[in-house]
Amino acid sequence: MKINILKAAVVAVGVSIAAVSCSDDFVETKFYQDVEQAPLTSLTEVESFARGMYTSMRAPSYYGRDYGLYAEVRSDEMYSNGAAGYYNTVNNYTMTSADAYARDTYRQIYTAVAKANILIGTDPNGIKGTVDEKEAVKYHIGQAYAMRAFFFFDLLKLYGQKYTGGTLGIVTPLKYDPKAMQARGTIAQNEAQIESDFNAGLAMMEANSSSFGEGSSGSVDVTINAVKALMSRYYLYKGDYAKVRTLVNDIVASTEFNVIPTSSYVSSWKFPQQNNSIFELAVGVAGSNSTDSWGYMFNYNGYSNTVVSEDLFAEYDTNDIRRHASMIQFDEEYYLNGKYPNLEGTDNIKIVRYEEVILNGVEAELNGGSAAKALQYYNMILVNRGLPAAGTVTMADLKLERAKELVGEGLRLWDLLRWGDPVPRPSGASTNPLLTAFPIPRVETDVAGTLVKSNPGYDN
């Protein structure tokens, strides 16, 4: 990999820190490849880069819209109707190596990786400040390790060959070097790196949380519980149910979160930092993606592109608050208006909710754990959605409940693939299984001297 794909990734030497350090968009300032990033020397600069990781995540080509919707339009719970021309190549498996979706998401996630690497490369002893400030810097470095793990995980799912029969994963740059060349690692190597980063990040955050003030910024910052929640998602993908059980137990035992009750379920999607939100991206007016937002793709009054399948809607009980007209509107198709309802795109973007963690726990307990605890977790969802408690729970129940609870949150394709369940393709779409993985962008494989190999089935 040659990091010049990140040509607009991070700030250059010579940019005035004082002028921009309070801005969430500090690290979006253009830099030039022949200028090396200067070391960070203050807590203020470190905090700016930490916020910069979140700024990269909320871009339309990442969690602001596209990344989550890739997993919805290629699933059994939602589909793209082609409205406004969005996601046609993704939906029909007709992408090429020049496809804008593949290129822009690749670029955006590696931009986030670059920012994380600058943080990770920071020497706390070189920070000008108090002992507490240096410990706060270590906490932020821990966050960067954890988020780099998460970024690599997202890249691996989308561009790796795990579900296409190959062994190649993704490039995993471990330091900020815009002139570096690096090949793709194997899936096993990538997974080992992801686990190493998660563990390193969690350890640093736990060791320095008291000085930082863990939890002071709520769910819009990566906390220790947020890292554990993201790790539970990763280990579910790995099929390491024992680790998922431990992580879920820790989060539940913290008593920091609750499953949103029936009475406030609809309104919970309209307001930030509810008590079921473990990690969300702060947006607001300044960070709004407007018509490029996730919700604008769902909403009947927006582009109304990505809609709920008729089969899934039919699975909701009439008393289920999740099928309420404020959540899903019917007008020839089923529109998921209630999640991200603000058409200005100012809603905070929910990355992981407590409900997902509880469902992770159900699955993990059903696979080598306690059937009684699985049922307990399962009923925590049901009774808070206006439904009677169940007497038993099976994997089939869990799979359906994940669809009903997490629809539109960008998880379904990855669930189907990790379970080995069929992934539907539209009539007329390519049936080539190699195209499950996105293409490595041509702008990456065409770089002179590149070590990056393309994915089979594409034109590069």
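Donor-acceptor pairing under 3.5 Å is lacking for the side chains of Asn432 and Arg425. Ser277 and Gln274 share no side-chain donor-acceptor pair at under 3.5 Å. A donor atom on one side chain and an acceptor atom on the other are found under 3.5 Å apart for Tyr234 and Glu195. Side-chain contact annotation: Tyr335 with Asn301, donor-acceptor N/O pair under 3.5 Å absent. A donor-acceptor contact closer than 3.5 angstrom links the side chains of Asn249 and Lys373. Side-chain N/O atoms of Tyr237 and Glu191 include a donor and acceptor closer than 3.5 Å. Side chains of Ser61 and Asp66: no donor on one and acceptor on the other come within 3.5 Å.
Here the side chains of Arg233 and Leu411 are in contact, with some heavy-atom distance below 4.5 Å. At least one side-chain heavy atom of Leu281 sits less than 4.5 Å from a side-chain heavy atom of Ile351. Residues Asn81 and Glu333 have side chains in contact (heavy-atom distance under 4.5 Å, counting atoms from C-beta outward). Counting heavy atoms from C-beta outward, Arg184 and Ile440 have side chains that approach closer than 4.5 Å.
Sparse packing is recorded around OH of Tyr300, with 12 or fewer heavy atoms of other residues, nucleotides or ligands lying under 6.0 Å away.
By the 4.0 Å N-to-carboxylate-O rule, Arg442 lies close enough to Asp459 to be salt-bridged with it.
We find the OH-CG distance between Tyr241 and Asn360 to be 10.0 Å, quoted to the nearest 0.5 Å. Asp197 CG to Ile120 CD1: the interatomic distance, rounded to the nearest 0.5 Å, is 6.0 Å.
Tyr87 and Tyr101 have their aromatic ring centers within a separation under 6.0 angstrom.
Partner Glu355 forms a salt bridge (Lys or Arg N to Asp or Glu O under 4.0 Å) with one of Lys404, Arg385, Arg402 and no other, that one being Arg385.
Geometrically, Lys157 engages Phe153 in a cation-pi contact defined by less than 6.0 Å to the ring centre and at most 45° from the axis. Cation-pi geometry between Arg353 and Phe279 is not met at under 6.0 angstrom from the ring centre and within 45 degrees of the axis. A cation-pi geometry, defined here as NZ or CZ lying under 6.0 Å from the six-membered ring centre and within 45° of its normal, does not hold between Arg58 and Tyr63. Within the cation-pi definition used here (under 6.0 Å to the ring centroid, within 45° of the axis), Lys350 qualifies as a partner of Trp269.
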Note to self: For a ring-ring contact (aromatic ring centres under 6.0 Å, His included) check, start with the C-alpha distance between Tyr70 and Phe438, then their side-chain angles and the critical distance, and finish with the verdict.
What the structure shows: CA-CA 10 Å; Tyr70 297 151; Phe438 270 31; 4.8 Å; yes

